[in-house]
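First listed ligand is number 1; within each ligand, the first listed atom is number 1.
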Amino acid sequence: MTPSEQTIPREILEFCERCAEGLRGLKNPRDCITYIQKELPLLLRERDLFIGLLQDAVGGHSFLDPRRPTMFDNELVVYVAQDRLFSLRMYLWGPGEFSTPHDHNAWGVLGPLSDGYSVTNYRREDDESRKGYARLTEVEHFTLNQGETTSTLPLKAGIHKTGNPTEETLISLNLYGKSLPRGYINGFELETNRVFPILPPRRKKEYLLFSALVTLKKDAAGPGN
Ligand SMILES: [Fe+2]
């Protein structure tokens, strides 16, 4: 049976339909976050639901499609609402695994299905005028337990690093609002003050082909050629 033949569990579908209804009239990201921070904890506490879902996924009988390309390699798309109003995504964190610090194209609410999800928020200090350069300061660091949530915002208002400092594999469920049409997010290297684009797999090769062409043309135009 292929993933597409499986259907999303009724409880998750009802949750998503409720979110679609609640978000429809809201424009301000902070209002959207407030609404979802009331709803998402209810889903995060449905441990039995997710045990069943993971059992199906482990057996290869889930609506979750591990082959679907995503921005991050630990990401599974759970639900995408009509008109891409929001999406619900599952992230799988092995022991000691963390994201690189990154920004977002949308507001988001995130929380774990078990205890110990680590969140570090950053502020961007530079004026973004130097290409490839970004200076971040850590603003806060905290750990979330099952049912607790935090939020993020688009672009430099929502730079964070999340991950799993525990010795067991952990899942977070993240709900993101409608994306800005940027096509990439920024990743940050704290040690070197480097900022770099993180692209979806399909766009990454196109971007690198274009960038490599720029390099080759520059070399061809240089002295000695
Ligand atoms: Fe994030």
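- Checked by atom type, the side-chain pair N164/E97 shows no donor-acceptor distance below 3.5 Å.
- Ion pairing between E125 and R135 fails under the 4.0 Å rule for side-chain N and carboxylate O.
- In this structure, the side chain of N28 engages the main chain of R30 through a donor-acceptor pair within 3.5 Å.
- Of all protein N/O/S atoms, those under 2.8 Å from the Fe ion (ligand 1) are H102 NE2, H104 NE2, H160 NE2, and waters are not counted.
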Would you mind writing out the side-chain donor-acceptor pairs for residues 48-55 within the sub-3.5 Å range, not counting sequence neighbours?
none

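- Sequence neighbours left out, the pairs with a member in residues 15-26 that pass side chain to side chain donor-acceptor pair (under 3.5 Å) are R18-E39.
- Legend: ring pair (Phe, Tyr, Trp, His ring centres under 6.0 Å) pairs involving residues 10-38, not counting sequence neighbours: none detected.
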